[in-house]
Each structure stands twice: as C-alpha cells, then as structure tokens.
Number of protein chains: 2
Amino acid sequence: MLDVKRLQVLLAIVEEGSVTAAATALGYTPSAVSQQLLRLEREAGQPLLDRHARGMTPTDAGLVLARHARKVVRQLAAAESDLADIAGVRRGSVTLGTFPTVGSSFLPLAVRRYRELYPAIQLTIHSGREDHLVRMLEEGAVALSLLWDYDWQRVDNRDLELTELFTDPTVLLVGATHRLARRRTVRMADLADEPWIIRAGGHPVVEVLERSAVAAGFTPGIAFHANDYQEAQAMVSVGLGIALAPRTATVNQHPDVRVISLGDTAPARRVLVAHRPGRVRAAAELALHDVLVETAASYS
Amino acid sequence: MLDVKRLQVLLAIVEEGSVTAAATALGYTPSAVSQQLLRLEREAGQPLLDRHARGMTPTDAGLVLARHARKVVRQLAAAESDLADIAGVRRGSVTLGTFPTVGSSFLPLAVRRYRELYPAIQLTIHSGREDHLVRMLEEGAVALSLLWDYDWQRVDNRDLELTELFTDPTVLLVGATHRLARRRTVRMADLADEPWIIRAGGHPVVEVLERSAVAAGFTPGIAFHANDYQEAQAMVSVGLGIALAPRTATVNQHPDVRVISLGDTAPARRVLVAHRPGRVRAAAELALHDVLVETAASYS
DNA sequence: CATGCGCCTGTAGCAATACTGCATGCTTCG
DNA sequence: CGAAGCATGCAGTATTGCTACAGGCGCATG
C-alpha cells in the first residue's frame, strides 16, 4: 500500500514545482522531501518527476499519482470534517459556499429568511470561484454550496449531489442613450453590428456570447474586456458597447444602464445547490437547504 | 490529517469484529492494534467502537470513519493499479469481472471473438457476486466488469461508468410434463396457483418473482429454495414447482425442462459493462470493451 | 570561460514512532 | 468458581523520518 505522507509530498512538489518550494510549504527541509520522493519513486517502480535545472515537472505517472493523492487527501479531510460534525463541535452552525453574482442577488433573500426562522444558528458563508467551491465541498469545509452551469458544460462531479434552484436568464445591458434603450425585448440577431463588452480572462460567461452570436449568425466584435460586472456596466453606461450578463448580476443596476430581455435567444444558466452525498447532514444544514429551495421557488 | 494506517486498523476491527481478529488479519499482535485504535480515538476526540465482552461494534462515528477509510484504501489500491498499468507491467493483458449466469452464456461468445481478434493479449477473468465485482473495479483489480441490474435497483455508483450491453428477459421454467410445457408464451397471471422454486439466501432475483406476482395480483407459494439455477432446474424437471430465471441462466438447459417466454409480464434485467472513469485505459482494455458491445449487439 | 547561484541528493546522527512480549483486568460460559 | 476469550498497560527494541551539512549538477552572468 502506498504511503499517504509520501503522496502528499509528491502532491506538494507537483503543485509548487520544485522540491525546495514543496519543502518550505510543508515545513520540512529539502533533503527530507527529496528522500521521501525517491522512496516513492522506488515504490512506484518508475520516475514520477522529470528533473531539470530549475525545478521539476511531473511525468505521466506522476500526474496520475498526484490526482489520486488529491482525492485521498480530500477524502481524509472530509472524514475529519464529518468527525467534527458528529462530535457536535459544529452543532448549530452551517457553512455555505457561494459565488459573487448570486451572493449579491438571490442569496441575501435566502439568508434573511433563514435568520428569521433560525436566529440561533450561526451561518458562515464563503464566496469563491467554482473550482474553489467544489474543493471546499469535497473537503467538508462547507456543507452546502451554490453552483451554476450552462447547458453545454454541466456540473459533472460524481461526488456531488445537486438540486436545481432556479434558472438565471441572460439579459442584455445597453446604455441609457442607446438606440435600443427603450425596447423591452430584443433578439440576438438584431445585435450583429454592436461592439461588445465581455468578461476578461476566459471567464465562462464569454462562451455565452460566442454561442448565442453563432446561433444568431454573426461574430461579435469585442470592444472591452471587463474584470467584473460592475466594470462592464460602467463601460456600457458610457456607450462603449453593449454586454450580456446573467440577470442576477444586474441587481446593483447602474443608473445609466438599461436591462433588456433576450427571450430565449440567449441561453440561461442553472443555479444549483450542491452537497457531498453520504454525509450525516445536520439539522441546521437541512434547514438551510430547504430555505434555499423555498426562496428560489418564489424568486424567478 | 488522520493517519491512514490507523484508519486501516479501524477498518479491520470493524470488519473482523474484534481487536484480536483484526490483529491476526493484519499480521500484528492485539496489543499493537489496540494501541493504534486508542490513538485514533484520541485524535478523533470521541469513541469509535463500543466495547463489550465479546468483541466490539462501531459507534456512529466509527461507522462513518470506517466508510471513509474504505474509500481511501480503495483509492490507494486504484493508484497502485494505475501505476502498474503505466509501468507497462500489464501491457497486453486485461482483466475482466463477470458473474455466473452471463459467464456461462454471453461471455464465452465475446471471449472467443476477442481471442480470434487479439490472440496475443492475455485475458484474465474473475467471476464473483455484485459487491465483489464493484470492489474489484474500484481497486483496479479488474479493468472492466460485467454487471446487471433491474429497473427498481439501478447500479448507482458514482465511481463507475456504465455501458448497457443487452437486456436479459425473465423466462419461465417448467417441467417437461407440466400442463404448460407445450406453450410458447404465458402470462404471469396464469401462474397464480403454481408452487414456486426460488433462489435461496435473499438473492436479488427473488424480488423479480415478488414484484411480477404482485403485478399479476397474487402471492406466490414457495416450494423450494435453490442454491443456483442448475439446482432450480433440477427441481423444476421433477415437477416440484416452476421457476423464474433470466434467460442467460437457461443455456445449460436440463433435458426435462421447458423454457417459456413471459412476454413483458415479468421484468427484464440490464446487463452492463462498467469501468472506473478517469483511468488511463489500455488499448487491450478498449478493444475488449468494443468486442463486448459488438458481441452484445448481435446477441439478443 | 570562469564564477556563482539555485536546486537536488547523499550521509550520519538523532528523535519520534510503532511493534513485540508479557502481564493484568474484565466478562462470560461451563 | 475456574477457565477461556478479550482488551489494554508497560517496558524494550527496531524501524522510520527528520535535520544538519556537504557535495554535485546545470544554467546564467560578468
């Protein structure tokens, strides 16, 4: 049986990129890390890392093993978390994961309702990006997490149990002086020649524009790469271009921006609540789950 | 981070039922096992096992932790198996899991075809019960496994990827001198007053009879509990009663037994091939998968 | 082309840890 | 009431894993 400590060492090296970096991250000396690595490679019967002058990169075997190591480590973290739950350390408290747009639109409603119903329960909320949320779920750092997905990239994690809360349509943002500002609805096909403002850094919402533009028969011209939806709205307000956004992102609406429906000419995203199955679910957690579902029912 | 060795100790105690039994299973002295257990309980901050005079039983926390331990151990076994695959130790060989009925009906056809196509590849087959098959899959002891399920109890394992091969209808077995022996098809409702022969030991196929009898509006009378389908056929042949069986179980047909279709008045089972997703799949394995699917297509 | 820097690895010694062997206490069964 | 089966405590030993330090290798820089 492979030694888990050594696997953790491997994981650290893969993630940090070098033995010395891994050593400082783990609080060991490089020598110790190196020794453990060598033993692991001997046990594995094959090299796990390619050495070069500055640091190391994993071989195929190293990558596979690191992936297994990650799962093992998360499983152990989940075990510890479950133990803490059972010991009652966390009785009367829940932790929830969320992401920015929903965190500033739908979630406050649910939180208010939850506090009304269960004022004694301490609710802790972590906001983060999708991968972070999934990791926290798997490690038991949060009991529940809100997630989202689109048709073409469903959350497909076999270690999560999903409940759909509501669908969040994609809407169009235009400046107050834009030619379409007075319209209630618009079709994507009407927007072929407009300059677009999109989220920077390969944010998944970029694909929403690409796909719906393709479906409408045009290639969008990009005028600006925005870092968040507030910035996107600011640019829209001064007429630099128009933008797509999930409706939940338009709660803090800029005064000079108009929100226009796209009907079904742009895809909607699902907002979900996820939890790790097979856990002992505390009453506080089940209650929160219910409040989320219930609030969602009266939300759209 | 919890220590995996200790978790294995806990697992052994839970499965063996006592410290001494676990110790012999692990090749340690009872003292060592006891010490590790105590440390684990101290780390966990709560008792994990209830002591009584003869052995121990797990507490809730102990059960939960043992479940996590099982997953960790399997993950580690899978990691080792993947390493062996990558190292090429198993290149040109595949292992397959199967279960008795299909192992003596459909599988030989697929194996013959596979040997024709790839005579150089060494094929190893393990036959076992469902839980054993799933365990072997998860640990990487077999690369592929045949499995089966019915509508009401689908194989629902998030760590397995399933491909349906064919459906295996439930047929009726009667003795050669039975009043219905000449019939080609029969409905369950016609069999209300017959004595039945079923599989012993809560075999899942018992539920097939119960459910289809209920659907047909009667409660079956049981005349015999058989240990396997050969025995069941023997009893049917002497007229002790009639029996249900998946059609694949009727390949070695007893001379004095007649097989009669039940149409859709009895449920059929799915026969599947499963593999652990996210693995590096060897060419030999993919080829076997293809041959299974292909053979199945021309099977029913 | 030489020097220096960053990194990995090897050796020796020390500290922590896990196991054995044996003894003890508890409970149940004959 | 004694014997058997079980868990556990204690002391000693063997293994393991870490540190400290020294070397060696590859690349960059002057």
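Just so we're on the same page: letters track the sequence lines, and every chain starts at 1.
Counting non-hydrogen atoms under 4.0 angstrom, A/Ser34 reaches a base of the nucleic acid. Among the protein residues, B/Gly27 comes within range of the sugar-phosphate backbone only, with heavy atoms under 4.0 Å from sugar or phosphate atoms but none that close to a base. As judged by a 4.0 angstrom heavy-atom cut-off over every strand, B/Thr29 is placed among the base-contacting residues.
Nucleotides of DNA chain C lying under 4.0 Å from heavy atoms of chain B occupy a range whose first and last members, 5' to 3', are C/dA18 to C/dT28.
Looking at B/Ser31, its side chain comes within 3.5 Å of the base of D/dG9 through a donor and an acceptor atom. Between the side chain of A/Gln35 and the base of D/dT19 there is at least one donor-acceptor pair of N/O atoms closer than 3.5 Å.
How far CG of B/Leu288 is from OG of B/Ser93: 11.0 Å, rounded to the nearest 0.5 Å. With rounding to the nearest 0.5 Å, the separation of CG in A/Leu133 from OG1 in A/Thr98 is 7.5 Å.
Contact annotation: A/Arg51 side-chain N/O to D/dC25 OP1/OP2 distance is not under 4.0 Å.
Among A/Thr57, A/Leu40, A/Val19, A/Leu10, the single residue meeting the side-chain contact (heavy atoms from CB on, under 4.5 Å) criterion with A/Leu49 is A/Leu10.
To the nearest angstrom, C1' of D/dT8 lies 14 Å from CZ of B/Arg42.
Within 6.0 Å of CZ on A/Arg51 lie more than 12 heavy atoms contributed by other residues, nucleotides or ligands.
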May I have the step-by-step check of salt bridge (charged side-chain N to carboxylate O under 4.0 Å, His left out) for A/Arg276 and A/Asp82, ending in yes or no? CA-CA 11 Å; A/Arg276 183 159 51 82; A/Asp82 279 3; 3.4 Å; yes
